[in-house]
Structures are given as C-alpha cells and as structure tokens.
Amino acid sequence: MFWGDCEFKTPVPPNVMAKGYITYIKNHTAVLFTDQEAQDIVAAIKEGMRPKSWATSRKHVSDLRKRFSSTAECPKCGGALVIRTSKSGANVGSQFYGCTTYPVCRYVGKLQ
C-alpha cells in the first residue's frame with residue numbers, strides 16, 4: 001500500500017492499495033505472527049533499510065530507471081521503446097512495443 005504524496009507511473013496492480021487500507025486492515029483480525037516473530041520481522045526490515053536521505057532517494061530513482069529503461073530503439077524516430085498493454089480494441093490485454101515519444105511518434109512493434 002502507498003499513502004501520502006506518491007505518484008504512480010504505471011497502472012496500479014489490483015493487489016496495491018492507495019486508499020481504503022485502514023478499513024481493509026481492521027477487517028483482518030486473525031493473528032498470523034507471535035509478538036516475537038513480529039519483532040524479528042521489524043528488526044530484519046530495519047537492518048536492511050538504507051539510511052533516509054536525499055542521496056538514498058536519488059539512488060532509488062536511478063536504480064528504478066536502470067531497471068525499467070528500454071534498450072530497444074524506435075526505428076521511426078530513435079526514441080526508446082517500452083512494453084505497453086493494449087487497453088481497447090480487438091487486442092485488449094495483449095502487449096506490444098510502443099514509442100516513449102507517443103503521441104508525436106505512434107510506432108508500434110511486436111513483442112519478441
């Protein structure tokens with residue numbers, strides 16, 4: 001779940017919440033972890049966290065850009081190609097390469 005000043009760059013998956021999470025959490029009362037297990041989980045998370053700073057934030061954004069950047073180049077305009085999912089028409093749900101400069105360039109290519 002996300003809260004506060006967050007911006008989604010892609011469609012939000014169905015298992016990710018941006019609102020209504022308090023009601024969702026309160027509806028689930030089954031105990032899944034003992035107090036000690038919960039403390040161990042929190043300690044493990046804190047141990048693996050990077051320090052909170054602007055440098056950490058910039059590194060995170062840089063890592064995301066590297067992970068999701070395209071190595072494919074648009075043959076029409078030279079822009080980067082990204083994987084997109086068709087939202088309408090006969091091919092709803094199918095994936096394809098689309099140019100990041102859309103709507104200036106409307107190149108569409110088959111996913112390999």
Side-chain angles (χ1 to χ4, degrees):
M1 69 150 249
F2 291 83
W3 72 91
D5 189 24
C6 63
E7 179 182 338
F8 294 100
K9 301 288 186 180
T10 59
V12 181
N15 62 336
V16 174
M17 300 179 80
K19 59 184 175 185
Y21 47 85
I22 293 173
T23 304
Y24 178 83
I25 291 169
K26 287 184 177 181
N27 284 334
H28 293 79
T29 57
V31 176
L32 302 176
F33 301 106
T34 65
D35 288 344
Q36 185 58 49
E37 289 172 326
Q39 289 172 3
D40 292 344
I41 291 168
V42 169
I45 291 170
K46 285 183 177 180
E47 185 178 315
M49 286 175 59
R50 294 179 178 170
K52 197 172 193 175
S53 68
W54 284 108
T56 300
S57 178
R58 282 192 297 273
K59 174 83 170 107
H60 174 66
V61 170
S62 171
D63 290 347
L64 289 174
R65 283 193 176 128
K66 283 179 193 171
R67 185 184 318 159
F68 294 105
S69 67
S70 175
T71 57
E73 188 175 286
C74 177
K76 191 172 176 183
C77 74
L81 294 178
V82 292
I83 296 173
R84 301 194 186 275
T85 304
S86 180
K87 296 178 185 171
S88 63
N91 298 319
V92 170
S94 62
Q95 293 188 316
F96 60 94
Y97 277 117
C99 187
T100 54
T101 63
Y102 177 88
V104 174
C105 175
R106 295 178 177 266
Y107 175 81
V108 173
K110 288 186 179 179
L111 204 58
Q112 300 165 350

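- More than 12 heavy-atom neighbours from other residues, nucleotides or ligands sit within 6.0 angstrom of CD1 on I41.
- By the 4.5 Å heavy-atom criterion applied to side chains, Y97 and I83 are counted as neighbours.
- Under the 4.5 Å side-chain heavy-atom criterion for Ile, Leu, Val, Met, Phe, Trp and Tyr, V92 and V108 are members of distinct hydrophobic clusters.
- Under the 3.5 Å distance criterion, the side-chain polar atoms of S86 are left unmatched by any main-chain donor or acceptor of S94.
- Note: T23 OG1 to H28 NE2 = 11.5 Å, rounded to the nearest 0.5 Å.
- Nearest heavy atoms, R84 versus T100: NH2-CA, 3.7 Å.
- Side-chain atoms of Q39 and D35 form no donor-acceptor pair, as typed in the model, at a separation below 3.5 Å.
- Side chains of L81 and C99 form a contact here, defined as non-hydrogen atoms less than 4.5 Å apart.
- Using a 4.5 Å heavy-atom threshold, the side chains of D40 and Q36 count as touching.
- Hydrophobic cluster membership is shared by L32 and I45, with clusters built from Ile, Leu, Val, Met, Phe, Trp and Tyr side chains linked at under 4.5 angstrom.
- The closest side-chain heavy-atom distance from P75 to Y107 is below 4.5 Å.
- A 6.0 Å sphere centred on CD of E37 holds more than 12 heavy atoms belonging to other residues, nucleotides or ligands.
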Show the numbers, then the answer: is there a side chain to side chain contact (heavy atoms under 4.5 Å, CB included) between H60 and T56? CA-CA 6 Å; H60 174 66; T56 300; 5.6 Å; no

